Amino acid sequence: MLNRNQDIANSFGQRVEYYDRHAQLQKAIALNLTNLLPEMATPRILEIGCGTGFLTENILKKYPNGQFDITDLSDEMLRFCSNKYSADNTNFFTLDGDNLKDLDKYDLIVSSMAIQWLAEPLNALRTFSKIAPVYYATIGHKNFPEWRDSLTQNKVEDGILTPPKWPNILEEENRFETFDSAQHFLKSLKDIGAAKPRESYKSQSNIKKAMNHFDQNHKGQTTWHIVYGHEPLSR
């Protein structure tokens, strides 16, 4: 596993129980993605990045006669998910989405709020699509505009993960959260394990100026830009 991927796995794994209780926005996104999935009678499905099982729960209900390989980078997340949803038609194992090897054939690959963390997400999507059609939900390039504005206005380097231009987008949406302060916003990301900055980012000494700007000008509002995509089979 790549060093960065291992760091991300550790970050989420350390917050597994908190994530399951408090990542309600991610839970809603998983449900919306499920509603976009095609109807299939007895599919074999691979899930990339199951987390604590928000999407897992939905696909098990949507496809009661399916067979499921449920995977995640984090052993802790995978263990938590398998304890909740293990059944005769489920198989759980650790998988690095950047390094797929020796996978069986599938009818569908699904992933919710996970592929943005891969080192090469577009390459990963192309690899996935050679195995089966892919449906995914992830962050868009307009994510957290309020916080980005506060950073820009105070000439603070932006450490937010910058996603690529995602292919074959089916839907886009903005989802909103409001926090008491910038401190609470940043803590919320840390609490669910999602505070890992982009590569090469170095902590900024003048970050407090940006936090004050955020509190004064954006009043705690944050906007998540979410995209839902479908990468067709490309054999």
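All of these numbers come straight from a predicted model, not from anything done at the bench. All residue numbers in this chain count up from 1 along the given sequence.
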Any side-chain heavy atom of E146 sitting closer than 4.5 Å to one from N217?
no
Going from OG1 on T94 to CG on L73, what distance comes out if it is rounded to the nearest 0.5 angstrom?
8.5 Å
Between the CZ atom in F214 and the NZ atom in K219, the distance rounded to the nearest 0.5 Å is 11.0 Å
Please step through side chain to side chain contact (heavy atoms under 4.5 Å, CB included) for the pair N154 and I207, ending with a clear verdict.
CA-CA 8 Å; N154 289 277; I207 191 71; over 6 Å; no
Measure the shortest side-chain to side-chain distance between T222 and W147 over non-hydrogen atoms and say whether it is less than 4.5 angstrom.
no
Rounded to the nearest 0.5 Å, how far does NE2 of H184 lie from OG1 of T178?
13.5 Å
Between Y228 and I29, does the side chain to side chain contact (heavy atoms under 4.5 Å, CB included) criterion hold? Intermediate values first, please.
CA-CA 9 Å; Y228 301 85; I29 292 167; 3.6 Å; yes
State, to 0.1 Å, how close S129 and V134 come at their nearest heavy-atom pair, and which atoms those are.
N-CG2, 3.7 Å
OG (S111) and CG (L55) are apart, to the nearest 0.5 Å, by 8.0 Å
Linking I/L/V/M/F/W/Y whenever their side-chain heavy atoms sit closer than 4.5 Å, directly or via other members, would L233 and Y106 fall into one cluster?
no
Scan L108, I45, N65 and name whichever one has a side-chain contact (heavy atoms from CB on, under 4.5 Å) with M40.
L108
For the ring pair F144 and F185, is the centre-to-centre distance below 6.0 Å?
yes
Would you check if S112 and F54 make a side-chain contact, meaning some heavy-atom pair closer than 4.5 Å?
no
Side chain to side chain, D72 and F92, heavy atoms closer than 4.5 Å
no
Within the structure provided, determine whether K165 and H141 are in side-chain contact (heavy-atom separation under 4.5 Å).
no
Can you list everything that forms a salt bridge (Lys or Arg N to Asp or Glu O under 4.0 Å) with E120? Sequence neighbours excluded, please.
none
Quick one: does P167's side chain get under 4.5 Å of L122's, heavy atoms only?
yes
Of all the heavy-atom pairs spanning L78 and C50, show the shortest one and how long it is.
CD1-SG, 3.8 Å
State which residues pass salt bridge (Lys or Arg N to Asp or Glu O under 4.0 Å) with K62; sequence neighbours excluded, sorted by chain then number.
E39
Would a 4.5 Å heavy-atom cut-off, applied to side chains only, mark S82 and I70 as touching?
no
Taking the side chain as every heavy atom from C-beta outward, state whether L46 and F128 have any atom pair closer than 4.5 Å.
no
Using every non-hydrogen atom in the two residues, find where M113 and I139 come nearest and quote the distance to one decimal.
CE-CG2, 3.7 Å
Sequence-distant partners of Y135, ring-ring contact (aromatic ring centres under 6.0 Å, His included), two or more places apart:
H230
side-chain hydrogen bond (donor to acceptor under 3.5 Å, both in side chains) evaluation trace for D215 with S181:
CA-CA 6 Å; D215 294 342; S181 65; 4.8 Å; no
Contacts of D69 meeting salt bridge (Lys or Arg N to Asp or Glu O under 4.0 Å) (sequence neighbours excluded), chain-then-number -> R44
With sequence neighbours excluded, tell me which residues meet side chain to side chain donor-acceptor pair (under 3.5 Å) with R148.
D158
The reported gap from CD1 in I115 to CD1 in I48 (rounded to nearest 0.5 angstrom) is 10.0 Å
Do you reckon F93 sits in the same ILVMFWY cluster as L118, going by side-chain contacts under 4.5 Å, direct or chained?
yes
Those residues at least two apart in sequence (or on a different chain) that pass salt bridge (Lys or Arg N to Asp or Glu O under 4.0 Å) with E57 are K61
Could you go step by step and tell me if W224 and E177 meet the side chain to side chain contact (heavy atoms under 4.5 Å, CB included) rule?
CA-CA 8 Å; W224 292 76; E177 288 188 306; 3.0 Å; yes
When every non-hydrogen atom of T223 is compared with those of P145, the smallest separation belongs to O-CD, 3.5 Å
Identify the two heavy atoms, one from D107 and one from T42, that lie closest to each other, and give their separation to 0.1 Å.
OD2-O, 4.1 Å
Scanning both residues in full, the closest heavy-atom pair of M77 with T52 reads SD-CG2, 3.5 Å
Hydrophobic clusters here meaning ILVMFWY residues chained together by side-chain heavy-atom distances under 4.5 Å, can you tell me if L31 and L25 are in one?
no
Are I169 and L125 connected into the same hydrophobic cluster when the rule is that any two of I, L, V, M, F, W, Y join if their side-chain heavy atoms are below 4.5 Å apart?
yes
Assess whether side chain to side chain contact (heavy atoms under 4.5 Å, CB included) is satisfied between W166 and Q116, documenting all intermediate values.
CA-CA 10 Å; W166 300 110; Q116 70 270 14; 4.3 Å; yes
Gap between atom CG of L103 and atom CD1 of I131 - 0.5 Å precision
5.0 Å
Should we count CD of E173 as having more than 12 external heavy atoms under 6.0 Å?
yes
